[in-house]
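First the structure, in the form of structure tokens, and then the observations on it.
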Protein chains: 4
Amino acid sequence: MKVAFTSDNIAGASDSVLQAMMDASQGDAIPYGNDELTAEVTGMLSAFFECDVNVFLVSTGTAANVLSISAMTPPWGSVLCHTESHLLNDESTAPEFYSGGARFVGVGGADAKIDPVQLKKFVSQKVGDVHSCQPSAVSLSQVSEVGSVYSLEEIKAITDVAKEAHLPVHMDGARFANALVALGCTPAEMTWKAGIDIVSFGATKNGTMSAEAIVVFKPELAKELAFRRKRGGHLHSKMRVLSAQMRAYLTDNLWRQNAEYANGMMALLQEGLKTIPSIKINTPAQANMLFCTLPEGMEEYLLGEGFAFYGGRWEKGVVRLVTSFRTPKEGVEAFINAARRFDDQG
Amino acid sequence: MKVAFTSDNIAGASDSVLQAMMDASQGDAIPYGNDELTAEVTGMLSAFFECDVNVFLVSTGTAANVLSISAMTPPWGSVLCHTESHLLNDESTAPEFYSGGARFVGVGGADAKIDPVQLKKFVSQKVGDVHSCQPSAVSLSQVSEVGSVYSLEEIKAITDVAKEAHLPVHMDGARFANALVALGCTPAEMTWKAGIDIVSFGATKNGTMSAEAIVVFKPELAKELAFRRKRGGHLHSKMRVLSAQMRAYLTDNLWRQNAEYANGMMALLQEGLKTIPSIKINTPAQANMLFCTLPEGMEEYLLGEGFAFYGGRWEKGVVRLVTSFRTPKEGVEAFINAARRFDDQG
Amino acid sequence: MKVAFTSDNIAGASDSVLQAMMDASQGDAIPYGNDELTAEVTGMLSAFFECDVNVFLVSTGTAANVLSISAMTPPWGSVLCHTESHLLNDESTAPEFYSGGARFVGVGGADAKIDPVQLKKFVSQKVGDVHSCQPSAVSLSQVSEVGSVYSLEEIKAITDVAKEAHLPVHMDGARFANALVALGCTPAEMTWKAGIDIVSFGATKNGTMSAEAIVVFKPELAKELAFRRKRGGHLHSKMRVLSAQMRAYLTDNLWRQNAEYANGMMALLQEGLKTIPSIKINTPAQANMLFCTLPEGMEEYLLGEGFAFYGGRWEKGVVRLVTSFRTPKEGVEAFINAARRFDDQG
Amino acid sequence: MKVAFTSDNIAGASDSVLQAMMDASQGDAIPYGNDELTAEVTGMLSAFFECDVNVFLVSTGTAANVLSISAMTPPWGSVLCHTESHLLNDESTAPEFYSGGARFVGVGGADAKIDPVQLKKFVSQKVGDVHSCQPSAVSLSQVSEVGSVYSLEEIKAITDVAKEAHLPVHMDGARFANALVALGCTPAEMTWKAGIDIVSFGATKNGTMSAEAIVVFKPELAKELAFRRKRGGHLHSKMRVLSAQMRAYLTDNLWRQNAEYANGMMALLQEGLKTIPSIKINTPAQANMLFCTLPEGMEEYLLGEGFAFYGGRWEKGVVRLVTSFRTPKEGVEAFINAARRFDDQG
């Protein structure tokens with residue numbers, strides 16, 4: 001049996017999302033997002049977040065992130081994000097491109113979460129000094145790149161530092177639903193009530209094919225985005241294909257079911273791996289991603305058994321395991337059993 | 001009965017394209033275009049164009065155009081395109097954005113087709129003069145923005161001028177299939193055999209939901225594009241959703257059937273309108289788009305009858321009519337009848 | 001005797017400017033414009049323009065122009081300027097570079113002066129349409145590129161159109177003093193009282209070695225410029241070298257003397273050429289630049305006689321003649337005599 | 001007595017430089033660097049560096065640095081420089097601006113000198129991975145930002161790592177002459193013979209008013225620079241004012257005399273401060289800049305005595321002292337005496 005834990009982007013889409021795409025394709029529709037379906041999605045997201053939001057649908061997470069941030073910083077600004085953030089590590093120089101050449105500065109903090117104490121130093125650094133880039137925005141990732149989840153208090157600690165320095169805050173929510181389920185709070189609580197100004201509301205990793213929403217809570221940040229999305233080439237003519245996915249994702253709590261399932265599989269996986277003495281959990285998984293350190297030889301053994309996952313990119317023995325809304329339970333169990341087998345033999 | 005001739009992007013997708021998207025969603029797939037389906041599409045496009053091509057799938061036509069061109073010009077270059085081109089009129093400042101601030105210079109020519117004589121002046125203008133932008137690339141639109149189609153000789157006349165000045169040539173093929181069907185030639189004849197170096201191979205207007213291919217005939221122009229696509233935020237994680245659409249589009253000549261149908265509906269429409277004395281055909285439609293001038297009052301009358309189309313953007317009375325792979329034949333006939341009715345009463 | 005009428009940038013600097021540079025070099029000074037001399041220049045320019053202005057000294061005219069404009073347009077904006085403007089013809093793609101990829105759109109008008117009627121169409125074109133660049137700023141050149149001078153009424157006609165559309169207006173004043181002397185008005189009258197928001201106040205062509213001032217009348221446009229100047233690499237550490245030049249230029253009406261002299265030489269030259277039947281004055285010179293058409297053979301003859309000027313860039317026979325604060329009167333007379341000689345023989 | 005050790009950019013220019021500027025202003029000259037004086041400077045720099053070089057004169061050090069680097073990296077590249085480099089700390093986001101949005105990555109190393117072992121990791125990081133910026137160029141500062149000087153072996157160690165990874169290397173030589181004098185080697189030895197491809201050859205801090213040269217050893221890197229300089233607004237019309245300064249700077253070893261004097265004053269200062277027990281030398285000064293830690297109260301005392309220098313920007317008590325070609329010897333002695341006085345009383 002072959003099961004992959006490489007990423008949650010290897011799965012396809014939920015059935016209801018696919019059906020919605022089919023349905024949306026029928027008949028004519030006004031292009032470029034002026035259709036009824038797109039308007040409906042804005043309404044649904046406003047309900048979801050319990051406030052009037054501006055919504056910009058795009059088809060990739062990188063586009064959502066860098067467009068969001070481009071509305072928050074001038075080209076001479078610095079954007080403060082975690083050293084291990086997706087922005088700084090996995091989006092080429094899209095951040096510099098879209099911001100017109102701003103600087104992206106890595107801030108430290110345990111478990112890939114920004115340390116507010118360190119952040120405090122950065123936000124006031126050389127303010128007003130033309131020789132230095134000017135602190136302009138903060139971006140945090142929820143779920144983080146190592147699978148940790150900011151608590152509401154932790155988010156608030158970050159946004160408090162930012163607000164004191166008059167900086168807007170962006171949340172990279174590529175795994176928004178997974179974090180929400182982990183915290184058991186409302187979308188509003190995890191975002192604008194906690195001081196977030198824009199969120200990249202990810203859906204692609206949790207059940208859609210390619211649909212992400214830039215959700216803007218601060219209306220003045222929304223004005224530019226329609227223009228920026230178009231000039232980035234991210235305004236889809238047949239927008240309804242994105243809207244249909246997003247509507248299905250928000251309907252009947254699909255987002256929650258999928259995230260609960262993915263997180264549940266990870267919980268199962270983590271519990272199992274904890275019982276294996278030779279495996280070290282690096283950052284306890286709160287959502288659907290886990291980094292752990294395998295003993296010598298186990299990585300090769302598991303790969304040989306047909307499991308797929310990423311290793312060899314970090315410290316020796318460190319591997320990343322990600323579950324999704326489609327990860328089979330038997331696959332999780334098989335993985336644990338295989339690991340235990342190796343451990344027993346070792 | 002309500003029929004829309006506003007654009008070919010108001011239609012959804014062909015059934016086989018939708019089915020392909022469904023099928024492609026099953027099971028896991030390696031993300032970011034390293035999947036088998038994407039490799040297959042490259043093979044299919046190489047066969048389609050009868051040469052080894054580099055392919056970069058993206059989800060919008062603007063992205064295809066501006067990414068293509070960004071690989072062809074330095075930031076101090078000028079890109080020569082028709083004054084009425086999509087690049088210069090409908091893509092915001094995406095061209096400047098992606099090229100790092102090159103200049104897009106309009107060249108004239110009848111029927112929205114670049115005049116090679118005028119082009120000749122531009123390609124050698126102030127070459128080597130640091131004070132002036134440097135002619136760097138040529139872009140032509142096939143089908144043009146007014147619905148005309150370059151003959152193979154006309155394309156060759158453009159590329160000859162460009163090649164003599166050592167400039168690469170891009171084809172904006174948003175309606176590639178419609179042009180191909182109109183000319184009755186092969187894809188190779190209309191592109192690299194005629195001197196084209198990169199084509200934006202459009203499919204969205206002719207049967208897919210959102211899938212366009214940058215097809216590169218000159219390998220050295222392809223090297224940068226993988227990096228440029230990613231930093232533009234246009235590399236889809238679940239690439240298979242694009243690849244599936246493109247495969248279906250290329251399978252069983254779907255592209256041709258759809259284009260033949262759309263062009264056929266336009267031929268029918270044009271023939272009908274020609275019989276109405278008060279209507280003037282501005283540019284004879286060769287593919288699926290027609291610009292004509294209606295007599296006073298007819299535009300309002302037709303809109304009142306429930307037909308949709310664009311007017312009011314050009315000279316008084318000028319309207320644009322576009323047919324698609326889904327335009328109902330009865331709709332075309334109803335439109336002609338309504339126009340005749342008005343004419344008779346007038 | 002060899003006299004050059006190629007440009008007013010071929011002359012060196014006035015003696016008092018050179019002496020000021022020498023003097024300014026003595027002793028220490030706080031770098032980057034925080035010195036007393038620079039503050040003094042801001043005061044002098046405020047007095048000169050009869051209002052509190054923000055001043056940003058730079059060393060080239062292109063820098064002054066493109067920095068000014070970068071503060072007036074978003075990257076998705078269009079900047080409206082004359083088809084023959086320096087911005088569109090002689091500054092490479094610096095305008096696109098500094099504006100982050102805005103579009104520069106040529107507007108027509110006789111004598112290289114923007115036609116307000118044509119401008120009116122452009123300022124409201126597709127406003128709010130994300131597919132199209134958004135009219136964002138207007139830039140006019142005083143003196144124009146062909147040597148004509150806008151009257152105060154003509155400037156007002158332009159700025160009225162712009163203000164009605166809520167667009168700021170920039171004046172490229174590379175030959176500001178020459179225009180001022182031609183009009184016989186005050187600096188205030190030619191700028192903010194006529195609706196100008198920023199001016200590139202040129203001095204290099206009229207007596208300094210390399211000193212230009214961006215003068216900002218609208219304080220909100222000034223905020224960004226300190227940052228933009230630095231990131232453009234245009235903040236000089238030893239700013240006093242620029243300030244010293246500008247102070248000398250503003251002292252004892254040097255700017256006026258130099259401009260009156262240059263304009264006077266051009267008046268002399270023009271009067272002389274008018275008396276020669278075979279020469280056609282294309283645009284009557286109001287300041288220090290003249291375009292005229294020479295009869296066949298005269299251009300070569302004059303060049304052969306040792307005179308220097310630009311020809312061969314425009315219609316057949318058209319040449320450009322520019323006088324400066326240093327053009328020798330005997331040189332002007334010699335030129336007229338040579339032309340007459342050729343005419344007599346012809 | 002008031003003496004400033006804040007920076008070497010607070011001094012004016014050497015007398016021969018000023019005289020050269022005066023002389024150069026006489027008569028007419030072809031603009032934009034096509035004059036004889038500019039050609040002469042290229043010849044002088046070729047002789048200075050013992051090889052044919054391409055030269056681009058500009059008026060600021062930031063322009064020299066960022067233009068140089070823009071020719072070395074694509075917009076999706078990363079440029080590796082020291083964490084404390086001028087590029088990363090004192091040039092706003094000019095590096096991102098000029099490179100079209102590349103990323104500037106800080107590499108560690110003692111005494112603000114890049115550690116070749118750390119560099120080795122960076123140069124091969126994620127090469128070929130479109131998700132990550134691509135290592136493209138290396139930039140080192142000679143003299144470094146803390147006043148240390150790379151030995152020839154140390155430069156070679158850096159360039160060896162770079163060359164193995166096929167990356168070009170830039171030297172920020174804002175204090176080139178000070179480093180050269182410190183090492184006692186030839187310009188060729190410190191640059192191209194050690195693997196440097198482009199140098200920002202600084203003169204402004206060592207005797208000119210505003211003249212820096214981009215000196216290119218690798219001809220293929222020079223092709224773009226003429227265009228890039230113009231579109232950056234850094235092509236001076238009266239280029240001779242820059243060329244005159246540079247010629248004077250290279251004549252009769254002015255550069256050497258000035259640097260030897262400045263370094264000598266620093267040696268004197270350092271020797272004096274070393275004899276004061278409560279002062280700690282942080283990085284031994286090899287050229288004309290020193291970082292040291294003063295005991296509590298001494299900084300305020302010295303400022304109160306009328307000395308000027310930078311403090312309060314780094315760790316508690318750390319101050320920066322810079323000497324120049326004009327620092328008075330009595331000022332150095334007075335500073336030492338004042339420090340000793342405080343120490344004795346303490």
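Below, each value reflects all heavy atoms present in this structure, side chains not excepted, and no hydrogens, waters or symmetry copies. First the proteins, then the strands, lettered A, B, ... as listed; each starts at 1. All values reported here derive from a predicted model rather than from experimental measurement.
- For CD of Glu164(D), the number of neighbouring non-hydrogen atoms (other residues, nucleotides, ligands) closer than 6.0 Å is 12 at most.
- Around the CG atom of Asp129(D), the shell of radius 6.0 Å holds more than 12 heavy atoms that belong to other residues, nucleotides or ligands.
- Relative orientation of the Tyr32(D) and His131(B) rings is perpendicular, given thresholds of 30° and 60° on the angle between their planes.
- At a 4.5 Å heavy-atom cutoff, Pro74(B) makes no contact with chain D through either its backbone or its side chain.
- When heavy atoms are compared at a cutoff of 4.5 Å, Gln134(B) approaches chain D solely by way of its side chain, counted from C-beta outward.
- The environment of CD in Gln26(B) is crowded: more than 12 heavy-atom neighbours from other residues, nucleotides or ligands sit within 6.0 Å.
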